[in-house]
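A note on names: the letters A, B, ... follow the listed sequences, proteins ahead of strands, and every chain is numbered from 1. Computed from a prediction, not measured in an experiment: that's the story for all the values here.
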There are 2 protein chains.
Amino acid sequence: MERRTKQREVIWRTIQQAGRPLGPQEVLKLAQQRLPNLGIATVYRTLKAFLEDRRIVVVEVPGHTPKYELADLKHHHHFVCRKCDRTFDVNDCPRGIKNMAPPGFVVEEHYVALKGICPDCRNHGAGD
Amino acid sequence: MERRTKQREVIWRTIQQAGRPLGPQEVLKLAQQRLPNLGIATVYRTLKAFLEDRRIVVVEVPGHTPKYELADLKHHHHFVCRKCDRTFDVNDCPRGIKNMAPPGFVVEEHYVALKGICPDCRNHGAGD
DNA sequence: ACCGGAATGATAACGGGTTATCAATTGTGA
DNA sequence: TCACAATTGATAACCCGTTATCATTCCGGT
């Protein structure tokens, strides 16, 4: 049966508290602040388990490997900082997107990604 | 000095006539219809050269490796078929996209990608 | 037509992100 | 507390897209 381990709890809290999509390496680094011996393999295994449980979803951003965030967030899009490479949530969505496709195309999903400079990088250096 | 070779001409014509972004393997397959002995290394080398000459640009689509298309197309977005994995151009753009980001974020670019089923896959099987 | 260097094709090597392996550790029901 | 199976951490292996290597081919100026 599935066990309740310190690793899983820490990884879960990390994702919950991040407020933005995280990649495996980001999860590792943040979670290691609470559990220094955490290994990258455990992060990958746990992300896969959370995906299967549908507690998190994959976030695909152009030019980046997959990131992960809570599955129960309401529809939103993303902003990618070209300096620190972090991804942020954008709680807005252009209307009429589905009508952009030419006739004959069946639109099932849509992705919107903004790219630029995040507030942290704009002011000082990169964020954490 | 730079030479005019059959390979480069065929690859260029392939990209021009495709009417949609192509990945290296797609370029190879299509170009081989005119030049059967074309090798994948030449495709990569030629794409890199075209990029440096700014004759083509990179097209990043979520969940896919980079594709390439003519550099002089007017602003547009893309549709990705989840069945045949081909990418198509969408000559439309939602307005007000840059205003979606929260205050403090500097938007420099934006990506819009629609995902679904293309006309070919909707009717019969996969396209070419 | 000749020559020299650019370009090509086959394929090995590379790079990074992800997964598999396995001994050691650790929850958890009894 | 015990016993055992699930989980973990370190790391080797893997996957796959891209790049490097190198002998051979082929433009193009002379």
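For the side chain to side chain contact (heavy atoms under 4.5 Å, CB included) with Thr87(B), the lone residue among Cys81(B), Pro21(B), Cys118(B) that qualifies is Pro21(B).
Once rounded to the nearest 0.5 Å, the distance linking CD1 of Ile11(A) with OH of Tyr44(A) reads 12.0 Å. Annotation: the span from Asp92(B) atom CG to Asn99(A) atom CG amounts to 9.0 Å, rounded to 0.5 Å. The CD1 atom of Ile117(B) sits 5.0 Å away from the CD atom of Glu108(A) when rounded to the nearest 0.5 Å.
Centroid-to-centroid, the aromatic rings of Tyr68(B) and Phe50(B) stay 6.0 Å apart or farther.
Residues forming a salt bridge (charged side-chain N to carboxylate O under 4.0 Å, His left out) with Arg95(B) (at least two apart in sequence, or on another chain): none. Residues satisfying the salt bridge (charged side-chain N to carboxylate O under 4.0 Å, His left out) criterion with Glu52(A), sequence neighbours excluded, are absent altogether.
Taking atom CG on Leu28(A) and atom C1' on dG16(C), their separation rounds to 15 Å, with Å as the unit. What separates CG of Leu51(A) from C1' of dT18(C) is a distance of 13 Å, to the nearest Å.
At least one donor-acceptor pair closer than 3.5 Å links the side chain of Arg8(A) to the backbone N or O of Arg3(A).
Scanning residues 34-47 of chain B for heavy-atom distances under 4.0 Å to DNA chain D yields Ala41(B), Tyr44(B), Arg45(B). Contacts between residues 2-10 of chain A and DNA chain D, counted as heavy-atom distances below 4.0 Å, involve Glu2(A), Arg3(A), Thr5(A), Gln7(A), Arg8(A).
Applying the salt bridge (charged side-chain N to carboxylate O under 4.0 Å, His left out) test to pairs two or more places apart or on separate chains, those with a residue in residues 54-71 of chain B are Glu26(B)-Lys67(B).
Taking 4.0 Å as the cutoff to heavy atoms of chain B, we find the contact window on DNA chain D bounded by dG17(D) to dG28(D).
Taking the six-membered ring for Trp and thresholds of 30 and 60 degrees, His77(B) and His110(B) have ring planes inclined between 30 and 60 degrees apart.
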